[in-house]
Amino acid sequence: MTEPVWGPVHVDIVDLLADHPEDVPAVVDHLTKLQDLLVRLPPLEGSCPLADFNRLYLTITSRVLEGLYDDYFADPVFLSRLDVEFAARYFDAMRLWTESSPTTPRAWSCLFKRMRGPDARPLPSAAAGVNAHINFDLPFALVTTFDHLESEPVDGTEQHRDYLKINDIFADKIPSLRRGYLERWQLLLDMLNGDIDDWYQGELVEYTRDVAWRNAQKIWRCRHDPQARDGERARLDDNAAALGRLLLSPLGAFLQ
């Protein structure tokens, strides 16, 4: 008999994924419950590769929710909708993987395949998840959000400026998040490097999210052409999957 994808927490995760969160507080609740389940997944348990990414995602999303409560964003309706659409793609990828569906995005599959270890390390795992979520999921989440709001992705608008504010949240959270994934010898090197690694990671996130915005604009222009849109989906999935495999390789782990 084949062991369930999620081992002893399979039923709980399936039940959780059956419900789509409809607002940002519900997204945070889903991510919190999912984290509690993922850290119980054998054989690695507390160091499950997907849990390493989910922890980072939960931290950033919780800060976004605080920003919504504090009137940090000029267009909270846009940011809230984008957050929900963005999370839906992550949960959908997990659901497809659970069902052993061949339509599971390749960008996510390379990380899901590593959940049984034993060589997956925290920082590369988290980076691979960020890669799949930003380079593949985010452009389509933006397109769906703008379509729902009957708007469009235009540079310099309030929506674009709010989008860029998420970079500031990453920049604020990256130092503590990144150090939480490092081993003792890596922490020593990090201390010797000073703020260089934090600056580099912040610049990388900013660049990657800008590319996602540009890709969303490209998809937006061909959104009514199924063939062209599917071509963009395949292109982004292939590119993110290739980068994900690199991040999870010994070379990728060394470079981080």
Side-chain angles (χ1 to χ4, degrees), residues 5 14 17-22 27 30 50 53 57 61 75 77-114 127-164 166-167 204-249 252:
V5 172
V14 168
L17 296 176
D19 178 35
H20 264 109
E22 296 183 357
V27 171
H30 262 59
L50 190 57
F53 163 71
Y57 189 22
T61 307
D75 190 343
V77 173
F78 162 72
L79 243 297
S80 297
R81 184 71 190 190
L82 177 59
D83 197 282
V84 169
E85 295 289 346
F86 194 31
R89 278 151 181 79
Y90 170 48
F91 296 134
D92 283 344
M94 289 186 64
R95 187 180 301 106
L96 291 169
W97 181 256
T98 303
E99 298 167 354
S100 300
S101 172
T103 61
T104 304
R106 292 179 293 280
W108 280 109
S109 295
C110 61
L111 178 59
F112 293 157
K113 289 175 182 177
R114 302 292 285 271
V130 170
N131 161 64
H133 208 27
I134 293 180
N135 285 321
F136 178 66
D137 291 339
L138 185 52
F140 294 98
L142 281 163
V143 169
T144 306
T145 297
F146 281 113
D147 191 48
H148 175 81
L149 297 177
E150 298 182 348
S151 183
E152 58 184 298
V154 177
D155 292 359
T157 60
E158 283 189 345
Q159 294 163 334
H160 186 219
R161 287 192 289 271
D162 279 347
Y163 178 82
L164 295 177
I166 304 298
N167 296 340
L204 185 60
V205 167
E206 184 173 340
Y207 170 78
T208 304
R209 294 189 77 255
D210 182 64
V211 170
W213 178 268
R214 301 302 163 201
N215 281 323
Q217 291 177 319
K218 187 174 183 179
I219 297 166
W220 180 262
R221 291 191 291 270
C222 69
R223 68 191 185 281
H224 298 308
D225 182 340
Q227 185 175 357
R229 182 175 174 132
D230 288 347
E232 284 301 302
R233 184 182 302 278
R235 178 182 69 85
L236 294 180
D237 197 9
D238 286 344
N239 290 345
L243 180 54
R245 289 191 294 270
L246 174 62
L247 291 168
L248 291 166
S249 71

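Nearest heavy atom pair, residue Ala107 against residue Ala132, reads O-CB, 3.5 Å. Taking both residues in full, the closest heavy atoms of Pro21 and Val27 are given as CB-N, 3.7 Å, listed atom of the first, atom of the second, then distance. Looking at every heavy atom in both residues, Met94 comes nearest to Phe112 through CG-CZ, 3.8 Å.
The line from CD1 of Ile166 to CZ of Phe86 is 9.5 Å long, rounded to the nearest 0.5 Å. Note: Thr98 OG1 to Leu17 CG = 5.5 Å, rounded to the nearest 0.5 Å. Atoms CG and CD, on Leu164 and Glu206 in that order, are 7.5 Å from each other to the nearest 0.5 Å. Once rounded to the nearest 0.5 Å, the distance linking NZ of Lys113 with CZ of Arg245 reads 8.0 Å. Atom CZ of Phe136 and atom CG of Leu243 lie 14.0 Å apart (nearest 0.5 Å). To the nearest 0.5 angstrom, Asp83 atom CG is 5.0 Å from Thr61 atom OG1.
Asp237 places no side-chain N or O within 3.5 Å of a backbone atom of Pro105 that could act as its donor or acceptor partner. Under a 3.5 Å cut-off, the side chain of Asp162 and the backbone N or O of Asp75 do form a donor-acceptor pair. The backbone N or O of Pro153 sits less than 3.5 Å from a side-chain atom of Gln217, completing a donor-acceptor pair.
Every residue two or more places apart in sequence or in another chain that forms a side chain to side chain contact (heavy atoms under 4.5 Å, CB included) with Ala212 is listed here: Ile134, Leu138, Pro139, Tyr163. Scored by the salt bridge (charged side-chain N to carboxylate O under 4.0 Å, His left out) test, Arg209 finds no partners at all (sequence neighbours excluded). For Asp155, the salt bridge (charged side-chain N to carboxylate O under 4.0 Å, His left out) criterion is met by Arg214, not counting sequence neighbours. Residues that satisfy the ring pair (Phe, Tyr, Trp, His ring centres under 6.0 Å) test with Tyr90, not counting sequence neighbours, are Phe53, Tyr57, Trp108, His133. Contacts of Asp92 classified as salt bridge (charged side-chain N to carboxylate O under 4.0 Å, His left out), with partners at least two apart in sequence or in another chain: Arg95. Phe91 pairs by the ring pair (Phe, Tyr, Trp, His ring centres under 6.0 Å) definition with His30, not counting sequence neighbours. Judged as a ring pair (Phe, Tyr, Trp, His ring centres under 6.0 Å), and not counting sequence neighbours, the contacts of His160 are Trp213. Remark: Arg233 pairs with no residue by the salt bridge (charged side-chain N to carboxylate O under 4.0 Å, His left out) rule, at least two apart or across chains. Checked against side chain to side chain donor-acceptor pair (under 3.5 Å), Thr144 has the following partners two or more places apart in sequence or in another chain: Arg89. Under the side chain to side chain contact (heavy atoms under 4.5 Å, CB included) criterion, Arg81 pairs with Glu85, Thr145, His148, not counting sequence neighbours.
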- For side chain to side chain contact (heavy atoms under 4.5 Å, CB included), just list the numbers for Gln159 and Phe146, CA-CA rounded to whole Å, side-chain angles, deciding distance to a tenth of an Å, and then say yes or no. CA-CA 10 Å; Gln159 294 163 334; Phe146 281 113; 3.1 Å; yes
- Task: Assess whether side chain to side chain contact (heavy atoms under 4.5 Å, CB included) is satisfied between Leu149 and Val77, documenting all intermediate values.
- Result: CA-CA 9 Å; Leu149 297 177; Val77 173; 4.0 Å; yes
- Query: Leu82 and Leu142: side chain to side chain contact (heavy atoms under 4.5 Å, CB included), yes or no, with the steps?
  - Reply: CA-CA 6 Å; Leu82 177 59; Leu142 281 163; 3.8 Å; yes
- Query: Should Glu152 and Thr157 be marked as a side chain to side chain contact (heavy atoms under 4.5 Å, CB included) after you check the CA-CA gap, both sets of side-chain angles, and the distance that decides it?
  - Reply: CA-CA 10 Å; Glu152 58 184 298; Thr157 60; over 6 Å; no
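Under the salt bridge (Lys or Arg N to Asp or Glu O under 4.0 Å) criterion, no residue pair touches residues 139-149, with sequence neighbours excluded.
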Ignoring hydrogens and angles, write down the donor-acceptor pairs under 3.5 Å from the side chains of residues 219-230, residues two or more places apart or on other chains.
unit_1, atom_1, unit_2, atom_2, d
Arg223, NH1, Trp220, O, 2.7
Asp225, OD1, Gln227, N, 3.2
Asp225, OD1, Ala228, N, 3.2

